[in-house]
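Inspection log for the structure reproduced underneath, given as structure tokens.
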Protein chains: 2
Amino acid sequence: MLHLKKAATQDLPVYDRILSTALDLFVERGYHNVSIHDIQKLANVSIGSIYNHFGGKEGVAKALYYHLIREMEELVADVIDENLSFRESCNRIISLLFEYTESKRNIVAYVLHAKHQEFLPDEPPICSSTPFKTMRNIVQRGMESGEIREGDPWVVASGIFGGAIRLIHLRLDGVLNVPLPELYDELIDCMWHGMEPISIQESVA
Amino acid sequence: MLHLKKAATQDLPVYDRILSTALDLFVERGYHNVSIHDIQKLANVSIGSIYNHFGGKEGVAKALYYHLIREMEELVADVIDENLSFRESCNRIISLLFEYTESKRNIVAYVLHAKHQEFLPDEPPICSSTPFKTMRNIVQRGMESGEIREGDPWVVASGIFGGAIRLIHLRLDGVLNVPLPELYDELIDCMWHGMEPISIQESVA
DNA sequence: GTCTATACGCTGATAGAC
DNA sequence: GTCTATCAGCGTATAGAC
């Protein structure tokens with residue numbers, strides 16, 4: 001697997017160096033504002049190497065896409081292996097995504113931000129790709145086991161993860177200047193108990 | 001104001017015809033995959049006209065941006081003028097956004113989807129732009145009046161609107177093939193009452 | 001596998017007639 | 001204001017040496 005660190009960039013083998021550099025550039029400037037020459041210079045490789053390994057710029061983007069989707073899948077799979085309750089699984093996934101957003105910003109940004117259809121016309125849109133499908137399936141299992149309200153799985157999944165994803169977007173866009181993990185507890189509370197004022201919730205109970 | 005309709009495209013004055021065509025093309029292919037020549041051909045105008053009115057492709061994108069942001073602002077402002085309760089205001093905004101997504105798909109897609117920083121480096125990111133700021137402010141007022149739980153305004157705003165925005169994205173990406181208004185009631189219920197199974201909510205009450 | 005130099009097409013932009 | 005013809009620059013991709 002590929003672990004991207006800027007500091008270690010120069011020590012990586014060519015293949016990984018290209019991917020690592022491309023990730024940084026794509027996230028920073030956007031795919032279309034990065035030329036092969038930019039990647040070539042910053043990664044200290046030749047254009048020929050890039051074409052040898054990836055067959056061009058689109059090939060680089062595609063390889064990146066698969067690497068990072070896989071990384072996200074593993075994150076979700078690890079949570080499932082922990083055999084937590086349904087609700088704890090959801091919380092854990094959100095918690096990990098929040099940590100990722102802080103420690104591996106560009107990975108999350110590339111997966112979440114990019115309109116991959118603009119430059120990867122063959123790939124399915126990201127929300128239907130495996131990690132998100134998996135998350136939807138988790139929700140469906142939670143409904144069947146009665147741990148969560150019944151309903152359209154997409155609506156329920158959006159209700160659970162929508163707030164978290166929104167916060168990640170805000171954080172990536174630089175609108176939020178608070179690290180996401182600090183907001184975790186409050187968000188979890190909001191999503192499970194709803195947005196009613198707490199006084200009402202208590203008076204009902 | 002600009003009301004974009006594909007059918008009436010050919011009857012519009014040049015200025016609006018360019019904007020309308022550009023909107024469709026930008027959403028369909030993405031800003032960078034659309035050339036001035038594409039716009040020129042499809043809008044039945046000359047390149048000269050485009051440069052006269054907008055000063056270039058970026059100028060077209062910028063004008064579009066302002067038009068559509070303004071349209072969204074008005075949508076929110078109209079809701080505020082109705083003087084509903086805080087909660088009803090939120091519901092109404094979501095309802096209108098859902099309708100917009102169905103009837104004016106490309107407008108919503110352009111405002112929501114695009115990473116405008118990639119091609120409009122001078123503009124602020126969309127989530128911090130006026131309509132979203134306004135929505136956050138509404139939330140803040142709701143907290144002060146006790147109609148909603150206290151907390152970080154971004155977290156609360158994400159809790160309220162995050163699910164809706166997520167569904168809009170899914171719909172725009174073609175993952176959902178149900179018109180959003182049909183999902184409205186269920187979503188609203190989820191967001192106000194939380195994701196607990198309904199049986200538990202009832203037993204608590 | 002890695003590199004450099006080069007070719008070719010596309011795109012944004014301009015000039016100048018009407 | 002609208003148009004066409006044309007230019008200059010950039011970015012992808014290739015060819016061929018090492």
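Values below: every heavy atom of this structure, side chains too, minus hydrogens, waters and symmetry copies. To find a chain, count down the sequence lines: A is the first, B the second, and so on, and within it residues start at 1.
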Exercise. Judged by modelled atom types alone, do B/Thr134 and B/Asn137 share a side-chain donor-acceptor pair under 3.5 Å?
Worked result: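 Absent: no donor and acceptor within the cut-off.
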
Problem set entry | With A/Ile36 via side-chain contact (heavy atoms from CB on, under 4.5 Å) - residues at least two apart |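 A/Ile36: side-chain contact (heavy atoms from CB on, under 4.5 Å) contacts with A/Ile47, A/Ile50, A/Tyr51, A/Lys57.
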
Give me each pair satisfying salt bridge (charged side-chain N to carboxylate O under 4.0 Å, His left out) with a member in [range], each pair once, sequence neighbours excluded.
range: residues 58-67 of chain B; answer: B/Glu58-B/Lys62, B/Lys62-B/Asp122
range: residues 128-147 of chain A; answer: none
range: residues 156-182 of chain B; answer: B/Glu102-B/Arg171

Integer-rounded Å distance: [N] [atom2] and [X] [atom1]:
X: A/Ile39; N: D/dA13; atom1: CD1; atom2: P; answer: 11 Å
X: A/Phe119; N: D/dG11; atom1: CZ; atom2: C1'; answer: 17 Å
X: A/Gln40; N: D/dA13; atom1: CD; atom2: P; answer: 15 Å

Could you go through residues 75-86 of chain A and list every donor-acceptor pair under 3.5 Å that involves a side-chain atom there, pairing it with any protein atom two or more places apart or in another chain?
from: A/Glu82; atom 1: OE1; to: A/Arg92; atom 2: NE; distance (Å): 3.4
from: A/Glu82; atom 1: OE2; to: A/Arg92; atom 2: NE; distance (Å): 3.2
from: A/Ser85; atom 1: OG; to: A/Glu88; atom 2: N; distance (Å): 3.2
from: A/Ser85; atom 1: OG; to: A/Glu88; atom 2: OE1; distance (Å): 3.2

Exercise. Think B/Ser46 has a side-chain N or O under 4.0 angstrom from the OP1 or OP2 of D/dG1?
Worked result: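 Answer is no, no contact under 4.0 Å.
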
For this session: Classify every nucleotide of nucleotides 11-18 of chain C by which part a protein heavy atom approaches to under 4.0 Å, writing B for the base, S for the sugar-phosphate alone and - for neither, in 5'-to-3' order.
Result: SBBB----

